[in-house]
Amino acid sequence: MQLSREQMLGAYRQMKVIREFEERLHVEIQKGEIAGFTHLYSGQEAVAVGVCEQLTDGDYIISTHRGHGHCIAKGCDVKGMMREIYGSAEGLCKGKGGSMHIADVDKGMLGANGIVGAGAPIAVGAAISAKLDGQGRVSVAFSGDGACNQGTTFEAMNLAVVVKAPCIFLFENNHYSEHTGVDYAVATSGDIASRAEAFGMKVWRGNGSDFFAVTEVMREVLEYVRAGNGPAAVELDTERFFGHFEGDPQRYRGPGELDRIRAERDCLEAFRTRVTEAKLLEGADLDQVDAEVMQMIEASVAEARSAPRPTAADVLTDVYISY
Amino acid sequence: MQLSREQMLGAYRQMKVIREFEERLHVEIQKGEIAGFTHLYSGQEAVAVGVCEQLTDGDYIISTHRGHGHCIAKGCDVKGMMREIYGSAEGLCKGKGGSMHIADVDKGMLGANGIVGAGAPIAVGAAISAKLDGQGRVSVAFSGDGACNQGTTFEAMNLAVVVKAPCIFLFENNHYSEHTGVDYAVATSGDIASRAEAFGMKVWRGNGSDFFAVTEVMREVLEYVRAGNGPAAVELDTERFFGHFEGDPQRYRGPGELDRIRAERDCLEAFRTRVTEAKLLEGADLDQVDAEVMQMIEASVAEARSAPRPTAADVLTDVYISY
Amino acid sequence: MAKMQLREAINLTLHQEMERDPSVIVLGEDIVGGMGTAGGPEAIGGIWKTTAGLYEKFGAGRVIDTPISESAIIGAAAGAALAGKRPVAELMFADFVGVCLDQIWNQMAKFRYMFGGKSRCPAVIRIAYGAGRNAGPQHSQSVYGLMTAIPGLKVVIPSSPAEAKGLLTQAIRDDDPVLFFEPKALYATRGDVPEEEYVIPFGHARLVREGSDVTIVTCGQLVGTAATAADRLAQQGIGCDVIDLRTTSPLDEEAILDSVETTGRLVVLDENPPRCGLAADIAAMVGEKAFAALRAPVSMVTPPHTPVPFAVELERAYLPDAERVEAAVTQLLGYRGSAPR
Amino acid sequence: MAKMQLREAINLTLHQEMERDPSVIVLGEDIVGGMGTAGGPEAIGGIWKTTAGLYEKFGAGRVIDTPISESAIIGAAAGAALAGKRPVAELMFADFVGVCLDQIWNQMAKFRYMFGGKSRCPAVIRIAYGAGRNAGPQHSQSVYGLMTAIPGLKVVIPSSPAEAKGLLTQAIRDDDPVLFFEPKALYATRGDVPEEEYVIPFGHARLVREGSDVTIVTCGQLVGTAATAADRLAQQGIGCDVIDLRTTSPLDEEAILDSVETTGRLVVLDENPPRCGLAADIAAMVGEKAFAALRAPVSMVTPPHTPVPFAVELERAYLPDAERVEAAVTQLLGYRGSAPR
Ligand SMILES: Cc1ncc(C[n+]2csc(CCOP(=O)(O)OP(=O)(O)O)c2C)c(N)n1
Ligand SMILES: Cc1ncc(C[n+]2csc(CCOP(=O)(O)OP(=O)(O)O)c2C)c(N)n1
Ligand SMILES: [Mg+2]
Ligand SMILES: [Mg+2]
């Protein structure tokens, strides 16, 4: 798939925004600035961006507890997200949802989700709706390698095939669910795609640390699904650079593992090498994006810190009734 | 597998008991003698008996809403069952459970179950227990072709493989879940075993209308599972001779379908033909069993009709507390 | 006006709303029936026959027969609703809330609040509920109490064919998730039903009988029980207000409190087990907000705290009947506080 | 006696009971941690660290790390219990009851009754519950109210390390299914705990503070809130009985009623949303059984009927605090019935 210069710069920017958003959160959380449980997406950026760059606002995605990357890639307002994670009254969800519940339905982003496996059926519903509308729109259910063991995920795949819903089950295999290895928890020695295949779906596999590989896979998948062939599944191999949640001691990692994946499987580095070596973009182009992104993240943190806080009265809004 | 004369007569008797139990219930229900929803097992006898004849009281089974056959095959008291279905205070469950909840834990029968798909995880638990005991005992989860779409069934299969539980997922494919055809609801055009295989299990397929075929398959399966190889799955093709529940108009059947399956796929007839043609048993031997069974069913109905009824006070027993 | 069964009133409503609004879709197990069979799609419309004829009329895109997988069904309804449709999902028995609670409780019910008010989830879940058909412990539960406990859900329980039609119409047009509990023992009950479209707004209880001695609050299939009790009591000169809640959330507190201010005595008749159920909920609310008006303790008439038993005699003893309501009313009228308050 | 955290008290109990009885097994997600990883099985014992060290001591046959599939976990516990084991399953957050309710509600809870008393299901489900950690709408719920509504379950909520140990020991030895709610905000709270084995029987509430003016009934993490309020009120000369229920089912009605007979005033402090919750349950019970003793309406102090919001300020406003309890007590003492009863 031939990407224009603009498309490449745009994709890189999105990946960089996600990376810096997360790296910065990691720092702020350690400083005690942010409450609650936060799951960072650093390392997996090529998946979210490789998928979402080919979607429009009319397509749907549903995300997981590790949702920041998907939200950003699907076009949620980054500052609004940062305010949300800080719990501001002007956060994207008014501070009511927090990190695990960022949504923007107008952008087709049907929500991060704190319940592992809950997203897939919801994505099928959005796909059913899209199919009825008949405009070739699709719905993508992001799931982890852990989520693929939840009954809801299987039910959703079966239902999608039965009703030929334009739904894409996008499995991000980052090798861990919390502290547990995928080879243990996914009974087929960690092979997710074959299980999806057994539901009668066409499946794709790919390197989730390579933006161009994801892009190519998704081009095929989207062509297939938009054409009305029913659902499809994709398994992408990727890495998470931080712990399961912030505070995770990560004793389950092998020696040097974190250094190795940062060195060998960094999708931003891979992108830079690829495009500069192929002379598609200059290093300076990317440096400029980097600088702009850093500034934007800095600004969004500064702004989130001083954004209006919710008051007790806000607890009682957004309900249909108060008791 | 060479069966002794006694084993053959015993198996035939069990199948016949199930058949006549169900055929008689069909009549009694139409007369309005029996309350509630009843799902009859007629036609599938070779499965229940082919499986359970090779189990001991120390092995576990869990059943479904269509449980009478499994209960009888696993050794539940037939008269107690009839009393239960009639709602007697002296029924196997004191009239509290009824048709869908017959259980006898001492016989390893962990219950018929009104929730489709609920049995499989419970069977895995019993298998985990059996494994810990280390005596080669197994647990069998009977499921229908409809139940195989329920998330719990998938979760149970995955868990069983992960913990190498001696659990057998026994799928009775009778081609229908309620009014719906298996080709529609099981997205893989009705192929259940392949889905089980995708969880990393060894699977077997067989003709569930042929007692000897079931016996042979189960001999292999049990050898495999008792030897500590972990779980296995079996898909048996079978037929239900009545509607989903009593009262079902069965408009989903093709023309002449009921006559055809009664004529061509009657496991009792097949058994009779096979053993008499091979001169393993005489027709007269079987006739005698038939006569004894008819008498026993007659007696059990007569007894159930006049068995003691529960009183209002019985509502409040078998609880740990009354409010 | 036409005489029709409760199931027919529901069926008519579905037809009318699907006709009116192309965004209304229905989904559930066997709601068509016969899919993938030699007999072909059936006009029978599910085991309750409430969806009969919809598939023929509106086609497979809007009338979706699903595999047995309630979490996927309810989740799909949630997703379709977020995406702008008005899905009406059928849950065959209320007891099956157990296999899909997450999608109801943690998903649908919370979207609006946890997304900061920026989403709508206009999904309806139609649920056949209740005891009285000897369906045993896993097919006879009421469950509307558990659902009333969940913030973000609207909980509706019609008591007659005409009520079912107006309330279901409102449910489908409502922008919040609605759990619509259909008393399955009343599916074949007939009543007069206006054939034209109409809505019954939520949160407005209905006064079924009037009387100034005792207030009886109830809903669903027990409305008939309460009315019978009230009629018999009326013959003894005892007058009862019988209030059909229609919706347990939103709750028409005013209707209850107004009546109790007059009568000073309240019986709550509920089909849930007693602990943390609707009877306790209403008793507590009245005990708090009409304390001074109460001339006797609130009487809660409910089943015992057990599963629903199978046998005819057991289920009859389990489900509260008119006699128990009458006894409760009589007892309240005989109450003489033993100590000064 | 040793000072230990609540999580350590639970861990110690699990060690002791597994040592004592070989039929005790534990299962859940990440309760070992590190399975199938380069790092290998971890002694960390799950995200709450309550199961630390069990795998090393008792091995993979009795300490079973499971995939993310709560229905399978709870179902497996049910099955193992029917088969004679005493499984202790961990549900990481109470909110996840949504994905496995059927196995709790329609299976475990009903076996004994629907099998005619001929089976036992001695399973324990340990559940981390509660707000106060800014975990947001899907990771902060209390849920013990919904579970109390279910016949057949025992529902236990410890309020301190020592309570947790005695109650968990009883839960494991109990022959009925027990839902054991651990207040996750108190996991790191320290207290004196007897190191030897002991049981606290179910259905016996604990009097945490004594006073004759007002009764405060509560459980779990709110016991501390109630005690704080009582202590502050005591300084103003107002005496409160603070009752820690310990188990909401079975419920120690006697302890509550005895206290209310003396005080005539009741505050129920509960972490569930108000509708059909535990506060209403107890208010209704007292309104019925101690009607004549009540000198003021029962006051229910609960969160509002909303999901648990994320932001610090919102969650603080959501969860009842000592100030709200004090205000409720003061208001009850100031109550003057407006009309004669
Ligand atoms: C139903 C449910 N069970 C358990 C959890 C706790 N939990 C949160 S994330 C997680 C691991 C998910 O692993 P995976 O799907 O691989 O996603 P990843 O964290 O790797 O992105 C678990 C067990 C949950 N949130 N919901
Ligand atoms: C969770 C749940 N959903 C739906 C039902 C209603 N129901 C009862 S039996 C049945 C069909 C089951 O089909 P299958 O598993 O093939 O078993 P069969 O009836 O053919 O024996 C359905 C949908 C139920 N009892 N439980
Ligand atoms: Mg993962
Ligand atoms: Mg079937």
Side-chain angles (χ1 to χ4, degrees), chain C residues 71 95-99 101-106 109-110 113-114 136-138 141 145-146 148-152 248-249 251 272-289 291-300 304-307 309-310 335 337-341, chain D residues 71 95-99 101-106 109-110 113-114 136-138 141 145-146 148-152 248-249 251 272-289 291-300 304-307 309-310 335 337-341:
Chain C
S71 285
D95 316 67
F96 305 165
V97 159
V99 296
L101 179 67
D102 182 69
Q103 291 290 345
I104 299 173
W105 176 42
N106 284 322
K110 296 199 167 77
Y113 190 82
M114 80 184 169
Q138 293 174 337
Q141 295 168 100
L146 289 177
T148 303
I150 298 177
T248 58
S249 193
L251 180 70
N272 292 284
R275 297 297 314 280
C276 298
L278 186 73
D281 181 81
I282 290 171
M285 186 276 290
V286 170
E288 188 172 42
K289 301 191 177 171
F291 181 73
L294 282 178
R295 291 191 261 170
V298 177
S299 174
M300 296 177 270
H305 203 62
T306 70
F310 161 69
Y335 178 82
S338 52
R341 309 272 321 250
Chain D
S71 285
D95 315 68
F96 305 165
V97 159
V99 296
L101 179 68
D102 181 70
Q103 291 291 345
I104 298 173
W105 175 42
N106 284 322
K110 295 198 168 75
Y113 189 83
M114 81 183 168
Q138 294 174 337
Q141 295 169 100
L146 290 177
T148 303
I150 299 178
T248 59
S249 192
L251 180 70
N272 293 285
R275 297 296 316 278
C276 298
L278 186 74
D281 181 81
I282 289 171
M285 186 275 291
V286 170
E288 189 173 42
K289 300 191 178 171
F291 181 73
L294 282 178
R295 290 191 261 171
V298 177
S299 175
M300 295 178 271
H305 203 62
T306 71
F310 162 70
Y335 179 82
S338 53
R341 307 272 321 246

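Throughout, a chain's letter reflects where its sequence line sits, starting with A, and its residues are numbered from 1. None of the values given here were measured: they were computed from a predicted structure.
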> Identify which part of P274(D) has an atom lying under 4.5 Å from any heavy atom of chain C, answering side chain, backbone, both or neither.
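The answer is the backbone of P274(D).
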> Please look at Q103(D) and chain C and tell me whether the side chain, the backbone, both or neither of the residue comes under 4.5 angstrom of a heavy atom of that chain.
neither
> Using a cut-off of under 4.5 Å for heavy-atom pairs, which of L278(D), D281(D), I282(D) has the most such pairs with chain C?
D281(D)
> Determine, stepwise, if the pair I150(D) / R275(C) fulfils side chain to side chain contact (heavy atoms under 4.5 Å, CB included).
CA-CA 8 Å; I150(D) 299 178; R275(C) 297 297 314 280; over 6 Å; no
> Determine the minimum heavy-atom distance between L101(D) and L101(C), stating which atoms define it.
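In terms of heavy atoms, the two residues are closest at CD2-CD2, 3.7 Å.
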> For G98(D) and W105(C), which heavy atoms make the closest approach, and how far apart are they?
N-CZ3, 3.4 Å
> When you measure from the side chain of E288(C) to the backbone N and O of P297(D), does any donor-acceptor pair fall under 3.5 Å?
no
> Who passes ring-ring contact (aromatic ring centres under 6.0 Å, His included) against F96(D), sequence neighbours left out?
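In terms of ring-ring contact (aromatic ring centres under 6.0 Å, His included), with neighbours along the sequence ignored, F96(D) is linked to F93(D), H139(D).
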> Please check this pair: side chain of D95(C) against backbone of N106(D), looking for a donor-acceptor N/O pair closer than 3.5 Å.
no
> By a 4.5 Å heavy-atom criterion (distance strictly below it), what part of V298(D) contacts chain C: side chain, backbone, both, or neither?
backbone
> Looking at every heavy atom in both C276(C) and A149(D), which two are closest together, and how far apart are they?
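Closest approach of C276(C) to A149(D), heavy atoms only: CB-CB, 4.0 Å.
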> Quick check: closest heavy atoms across F291(C) and L294(D), and the distance to 0.1 Å?
CZ-O, 3.6 Å
> Could you tell me which portion of P307(D) (side chain, backbone, both or neither) has an atom closer than 4.5 angstrom to a non-hydrogen atom of chain C?
both
> Among all residues two or more places apart in sequence or in another chain, which pass the side-chain hydrogen bond (donor to acceptor under 3.5 Å, both in side chains) test with T248(D)?
T148(D)
> Which atoms of S71(D) are under 4.5 Å from chain C, going by heavy atoms: the side chain, the backbone, both sets, or neither?
neither
> Of all the heavy-atom pairs spanning P137(D) and M114(C), show the shortest one and how long it is.
CG-CB, 3.5 Å
